[in-house]
Amino acid sequence: MKTVLITAFEPFGGDQINPSWEAVSHLHERMLCGAKIVARQLPCAFGASLEALYAAIEEVEPEMVIAVGQAGGRTDVTIERVGINVDDARIPDNAGNQPIDEAIVEGGPAAYFSTLPIKAIVEGIREAGIPASVSQTAGTYVCNHVMYGLLHYLAQHKKAVRGGFIHIPYLPEQAVKHPGAASMPAQTVILALEMALSIALTVEQDIRAEGGATH
């Protein structure tokens, strides 16, 4: 059976919840486009997040990997285009680490581009009536760390597996603590992620049916 690994983060920065896990956990063991969705929570910590991610990839052996994270202050679901080879933390992670201008992979490429059909995903989410856009930066915190680390790992070890990252806004219950911040209900985020998964899987199936490249 085909599987898709979708990951999210534990709460961080003093919050009691993380909207990424609140949404992603509802997708665990769902079936979409003939694929089983497997959800895993990652620690919000440099290094440890990638260890957990790589272990999950080896366990699940997925056809596709999508990581999801919180981007407080953003107004829509944002599909990331690129992960860059730098850790530069404004605040410590959950393990107390606060790297400044450090490489994620010493000697690694400056950046990796998502191998998901990012514009098709944005279009599909918008057609469902949910705000979405392509983002040109995943930041320099743990989300970018995971995006870059994921794509580096897939490039080195799992070349037929697509991967990418999606950022989501605060939940309403978080936004009340941040006056003026945008928010999105969990059910809306879940629908957006279902759309993203379905579109990515459909595009991949079409490519394989045509005998095309997977990247």
Side-chain angles (χ1 to χ4, degrees), residues 2-44 49 53 56 60 62-81 114 116-135 138-139 141-143 146-147 150 162-205:
K2 294 190 300 183
T3 59
V4 174
L5 174 64
I6 184 166
T7 70
F9 290 101
E10 65 184 358
F12 70 99
D15 282 329
Q16 299 303 306
I17 59 173
N18 189 311
S20 66
W21 183 245
E22 294 300 309
V24 164
S25 61
H26 286 276
L27 299 174
H28 184 55
E29 296 191 341
R30 291 275 306 277
M31 294 295 299
L32 285 174
C33 300
K36 180 181 179 179
I37 311 303
V38 177
R40 291 287 185 271
Q41 186 183 81
L42 304 180
C44 188
S49 56
L53 173 64
V60 175
E63 302 277 325
M64 183 177 297
V65 184
I66 298 179
V68 183
Q70 168 188 305
R74 294 194 186 182
T75 59
D76 56 359
V77 176
T78 48
I79 317 304
E80 297 296 343
R81 186 190 297 274
S114 172
L116 301 177
I118 59 175
K119 291 192 174 179
I121 290 172
V122 167
E123 182 180 356
I125 293 174
R126 287 176 174 172
E127 287 178 354
I130 302 170
S133 63
V134 172
S135 168
Y141 196 53
V142 183
C143 287
V146 164
M147 181 176 183
L150 166 63
R162 290 183 180 269
F165 198 99
I166 297 175
H167 265 123
I168 61 173
Y170 285 135
L171 296 178
E173 52 265 47
Q174 292 175 288
V176 297
K177 302 176 183 178
H178 303 276
S183 66
M184 186 175 286
Q187 287 302 318
T188 304
V189 174
I190 292 168
L191 177 57
L193 295 177
E194 289 174 345
M195 292 297 301
L197 288 162
S198 296
I199 292 164
L201 285 165
T202 298
V203 169
E204 180 70 6
Q205 289 169 359

I'd like to know whether NZ of K2 has more than 12 heavy-atom contacts from other residues, nucleotides or ligands below 6.0 angstrom.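 Check passes, neighbour count above 12.
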
Checking side chain to side chain contact (heavy atoms under 4.5 Å, CB included) for the pair E63/E204: CA distance, chi angles, key distance, verdict? CA-CA 9 Å; E63 302 277 325; E204 180 70 6; 5.7 Å; no

Min side-chain heavy-atom separation [X]-[Y] under 4.5 Å:
X    : Y   : answer
V38  : H28 : yes
V142 : F9  : yes
P19  : Q70 : yes

Nearest 0.5 Å, please: how far is [atom2] in [Y] from [atom1] in [X]?
X    : Y    : atom1 : atom2 : result
M147 : R81  : CE    : CZ    : 10.0 Å
M31  : T3   : CE    : OG1   : 10.0 Å
W21  : H26  : CH2   : NE2   : 10.0 Å
L191 : I130 : CG    : CD1   : 4.0 Å
I37  : L193 : CD1   : CG    : 10.5 Å
Q41  : S20  : CD    : OG    : 8.0 Å

For R162 and L116, indicate whether the former's side chain and the latter's backbone hold a donor-acceptor pair under 3.5 Å. no

Return yes if some donor-acceptor pair links the side-chain N/O of H167 with the main-chain N/O of T78 below 3.5 Å, else return no. no

Which atom names give the shortest non-hydrogen contact between [X] and [Y], and what distance separates them?
X    : Y    : answer
A132 : D76  : C-OD2, 3.5 Å
A192 : V77  : CB-CG2, 4.0 Å
A67  : V146 : CB-CG1, 3.9 Å
S114 : G163 : OG-O, 3.5 Å
L150 : L53  : CB-CD2, 3.7 Å
L201 : L32  : CD1-O, 3.5 Å

By the salt bridge (Lys or Arg N to Asp or Glu O under 4.0 Å) test, which pairs, at least two apart or in different chains, include something from residues 176-203? R30-E194

Can you run down the salt bridge (Lys or Arg N to Asp or Glu O under 4.0 Å) pairs that involve residues 8-22, sequence neighbours left out, and say none if there aren't any? none

Can you list everything that forms a side-chain hydrogen bond (donor to acceptor under 3.5 Å, both in side chains) with S49? Sequence neighbours excluded, please. none

Could you check M184 against I168 for side chain to side chain contact (heavy atoms under 4.5 Å, CB included), going step by step and ending with a plain yes or no? CA-CA 8 Å; M184 186 175 286; I168 61 173; over 6 Å; no

Show the numbers, then the answer: is there a side chain to side chain contact (heavy atoms under 4.5 Å, CB included) between L197 and L27? CA-CA 10 Å; L197 288 162; L27 299 174; 3.9 Å; yes

Aromatic plane relationship, Y170 with H178 - under 30° parallel, 30 to 60° tilted, over 60° perpendicular: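 Answer is parallel, since the angle falls under 30°.
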
Do you know which of I66, V68, T7 makes side chain to side chain contact (heavy atoms under 4.5 Å, CB included) with V24?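 Testing V24 for a side chain to side chain contact (heavy atoms under 4.5 Å, CB included) against I66, V68, T7 leaves exactly one candidate, V68.
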
Pair R74, S135 - check side chain to side chain contact (heavy atoms under 4.5 Å, CB included), show working. CA-CA 10 Å; R74 294 194 186 182; S135 168; 3.2 Å; yes

